[in-house]
Amino acid sequence: MNRGVVASPADRLAPRTGATTTGVPLAFNREPDPRLRDWVSRSMVAVAEGPADVTLEGYLCNDASYLRSAVDVDWIAMSREGPVPVRDRTILCGQHTRSWKLEYRGGIKVAGLMLRPGALRSLFGLDEKANADCIRMIEETGIPDAEVTGLYRAGMEPAEWLQSLEDWFADFIARKAVAPPDPLAQAIELQAFADPNIRLDDFAERVGVSPKQVQRVAQRDFGMTPKQVFRRARILDLAARICGVADEEEDEILLRFFDQAHQIKEFQTFFGVTPGAFKRTRSNLLTLSLEIRQARRLELLERIEPGALRPWMREPILHAAA
């Protein structure tokens with residue numbers, strides 16, 4: 001799929017689950033089913049029709065582990081262990097420490113569950129640090145792929161597919177009977193959304209634990225240090241703003257860096273390009289991924305109501321799922 005790769009302009013994809021005001025495809029994403037909320041932070045389904053004879057190029061950079069079912073399209077996802085071909089498969093994706101390239105043909109057709117920090121380990125037995133920037137086929141955890149990928153049926157509406165995935169996962173959680181992930185990990189994540197420039201000692205004091213305990217939980221449930229978690233949050237907020245899927249009134253996003261040189265250096269670490277180059281060649285696929293994160297972030301910070309029309313959307317989210 002390396003031959004004839006082109007960037008993915010919006011006019012090559014026909015969105016079915018929502019779009020930005022400029023026509024870039026979005027996922028239908030929302031709070032998960034109440035049965036899942038201790039282990040899942042967001043549920044999503046994205047469908048956009050695209051050419052089967054053209055290879056498009058995008059990027060992913062997620063600050064959470066994911067369960068994803070991809071059907072009817074061809075993916076080649078890069079990972080720390082090399083390229084991973086995916087078609088009609090369900091995969092488990094570890095958290096990202098940087099952006100990774102994804103080539104795809106036939107558009108986008110994926111349903112997924114964003115896992116809370118620590119859920120990859122508690123539910124699937126996969127170590128967060130060992131699986132950072134990696135992709136695992138779901139059968140590697142002892143779950144038959146057909147049991148999950150087979151939930152999709154031809155002609156199924158996106159919202160119906162997502163509900164089927166949530167129903168399966170609720171049953172899986174009930175059968176596993178495992179405790180929810182550590183609340184301290186959730187507090188670290190919420191802090192990353194609210195103010196990733198906080199000092200570790202100040203955060204530890206705020207939540208009533210020692211800095212060493214914060215370090216231990218972050219390493220276990222994020223696969224990285226608290227400093228790395230907060231650093232990634234700063235960059236992803238900036239990337240979302242550049243992609244047009246952030247609250248434009250949040251000027252503090254730009255003030256989280258010491259100066260422009262610091263901003264450029266940090267950005268290049270994650271995306272391999274300067275913010276200016278990123279803006280000129282930004283990926284539709286990455287925009288879709290970042291929008292899921294930003295929608296959840298703004299809801300958790302109570303800046304928008306769940307299900308409300310987001311500043312960057314063309315139409316209300318519930319209309320997009322119809």
Side-chain angles (χ1 to χ4, degrees), residues 1-5 8 39-41 44 46 55-106 108-149 181 185 218-225 227-229 231-233 235-236 239 267-273 278 283 285-286 288-290 292-293:
M1 289 176 66
N2 289 326
R3 184 173 298 174
V5 173
S8 51
W39 296 270
V40 176
S41 57
M44 59 78 63
T55 298
L56 304 179
E57 183 179 276
Y59 291 87
L60 290 176
C61 188
N62 296 321
D63 62 347
S65 297
Y66 261 94
L67 180 149
R68 287 188 171 107
S69 288
V71 302
D72 294 346
V73 297
D74 292 293
W75 284 13
I76 292 185
M78 293 303 300
S79 75
R80 179 161 53 88
E81 299 173 332
V84 180
V86 178
R87 183 185 174 94
D88 298 329
R89 303 291 296 271
T90 296
I91 57 179
L92 292 165
C93 307
Q95 295 201 29
H96 288 154
T97 64
R98 45 157 286 197
S99 66
W100 292 91
K101 185 180 294 186
L102 175 67
E103 296 177 7
Y104 58 106
R105 287 186 298 180
I108 301 167
K109 188 179 286 188
V110 58
L113 303 173
M114 177 191 287
L115 304 178
R116 291 189 181 277
L120 190 69
R121 172 182 51 82
S122 63
L123 289 172
F124 300 102
L126 297 176
D127 180 83
E128 290 279 5
K129 188 173 184 64
N131 287 279
D133 300 315
C134 293
I135 296 171
R136 301 282 175 249
M137 300 299 159
I138 199 165
E139 59 261 35
E140 295 180 47
T141 67
I143 301 169
D145 180 83
E147 183 178 318
V148 191
T149 309
Q219 290 278 10
R220 183 193 66 195
D221 291 349
F222 291 84
M224 58 189 72
T225 67
K227 181 178 180 180
Q228 289 172 311
V229 173
R231 180 187 185 197
R232 180 179 63 184
I235 296 301
L236 293 185
F267 201 89
Q268 284 183 308
T269 299
F270 276 79
F271 291 105
V273 296
F278 178 86
S283 156
L285 199 62
L286 182 60
L288 185 153
S289 179
L290 289 172
I292 297 170
R293 176 188 186 274

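Heavy-atom basis, side chains included; hydrogens, waters and symmetry copies ignored.
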side-chain contact (heavy atoms from CB on, under 4.5 Å) against T90, all qualifying residues, sequence neighbours excluded: L67, S69, I138, D145, V148, T149
Straight-line distance of Y59 OH to L102 CG, nearest 0.5 Å: 10.5 Å
Step-by-step side chain to side chain contact (heavy atoms under 4.5 Å, CB included) determination, Y66 to I292: CA-CA 12 Å; Y66 261 94; I292 297 170; 3.6 Å; yes
T269 side chain near R231 side chain, heavy-atom distance below 4.5 Å: yes
Heavy-atom check, side chain of L286 versus side chain of C61, under 4.5 Å: yes
Stepwise side chain to side chain contact (heavy atoms under 4.5 Å, CB included) test for N62 and R68: CA-CA 13 Å; N62 296 321; R68 287 188 171 107; 2.7 Å; yes
Straight-line distance of S65 OG to R116 CZ, nearest 0.5 Å: 13.5 Å
T225 vs Q219 side-chain heavy atoms within contact, under 4.5 Å: yes
Minimum heavy-atom distance Q95-D221, with the two atoms named: NE2-O, 3.5 Å
Spacing of CZ belonging to R98 relative to CD1 belonging to I235, to within rounding of 0.5 Å: 14.0 Å
Aromatic plane relationship, F278 with F267 - under 30° parallel, 30 to 60° tilted, over 60° perpendicular: perpendicular
From L56 atom CG to L285 atom CG, the distance as rounded to the nearest 0.5 Å: 9.5 Å
Beyond-backbone contact of E139 with E147, side-chain heavy atoms, under 4.5 angstrom: no
Separation between CE of M78 and OG of S99, rounded to the nearest 0.5 Å: 11.5 Å
R121 side chain near R220 side chain, heavy-atom distance below 4.5 Å: yes
Test side chain to side chain contact (heavy atoms under 4.5 Å, CB included) applied to L115 and V40, step by step: CA-CA 4 Å; L115 304 178; V40 176; 4.2 Å; yes
Pairs where residues 125-134 contributes a residue and the test salt bridge (charged side-chain N to carboxylate O under 4.0 Å, His left out) is met, not counting sequence neighbours: none
Closest non-hydrogen atom pair, A185 against F222: O-CZ, 3.5 Å
Sub-4.5 Å side-chain heavy-atom contact between Y104 and V110: no
Minimum side-chain heavy-atom gap I91-W75 below 4.5 Å: yes
Euclidean distance, H96 NE2 relative to F270 CZ, rounded to 0.5 Å: 11.5 Å
Nearest atoms (heavy-atom pairs only) where Q268 meets V273: CG-O, 3.3 Å
Nearest atoms (heavy-atom pairs only) where S289 meets L60: CB-CD2, 4.0 Å
Flag side-chain contact, heavy atom, 4.5 Å: E140 against F124: no
Listed partners of D72 passing side-chain contact (heavy atoms from CB on, under 4.5 Å), at least two apart: D88, K109, Y152
